[in-house]
Amino acid sequence: MKFISLKSRGGNYMVVAENIAWLRSGENGQTNVGIVGGSPLVVDGNIEEIAAKILAG
């Protein structure tokens, strides 16, 4: 199981990479991260930055 650290303005997340279903641009330089079986997370960074973290992690 591979965990990815994602930063948010409200707190930080450790997310299982295999549980990420989709990414969508949000407001103010943030990205919505869809989680299988859960609610989306709003994290800091654009889609390209978040995708790079997921793929590199």
Side-chain angles (χ1 to χ4, degrees):
M1 192 178 326
K2 179 170 74 170
F3 284 91
I4 306 295
S5 176
L6 299 174
K7 299 197 182 291
S8 172
R9 294 179 185 165
N12 299 328
Y13 298 99
M14 290 293 290
V15 179
V16 176
E18 292 84 9
N19 288 348
I20 297 174
W22 51 265
L23 301 175
R24 183 175 68 199
S25 291
E27 298 177 347
N28 303 319
Q30 296 178 322
T31 297
N32 295 308
V33 179
I35 304 297
V36 174
S39 299
L41 305 174
V42 179
V43 299
D44 286 334
N46 62 38
I47 287 178
E48 291 81 11
E49 294 168 344
I50 302 304
K53 275 189 168 186
I54 294 167
L55 294 174

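Start at 1 with the first residue, then count along the sequence. Predicted model only: the values in this text are computed from it and were never measured. Computation of the quantities below employed the complete heavy-atom set of this structure, encompassing side-chain atoms and omitting hydrogens, waters and symmetry-equivalent molecules.
Note that CZ of R24 is 14.5 Å distant from CD1 of I50, once rounded to the nearest 0.5 Å. Atom CD of E49 is separated from atom CG of L23 by 12.0 Å, given to the nearest 0.5 angstrom. Taken to the nearest 0.5 Å, the CG atom of N32 stands 9.0 Å off from the CD atom of E27.
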Acceptor/donor pairs from residues 5-22 side chains to any protein atom, 3.5 angstrom cut, sequence neighbours excluded:
unit_1 : atom_1 : unit_2 : atom_2 : d
S8     : OG     : G10    : N      : 3.3
S8     : OG     : V42    : O      : 3.1
R9     : NE     : D44    : OD1    : 3.1
R9     : NH2    : N28    : O      : 3.0

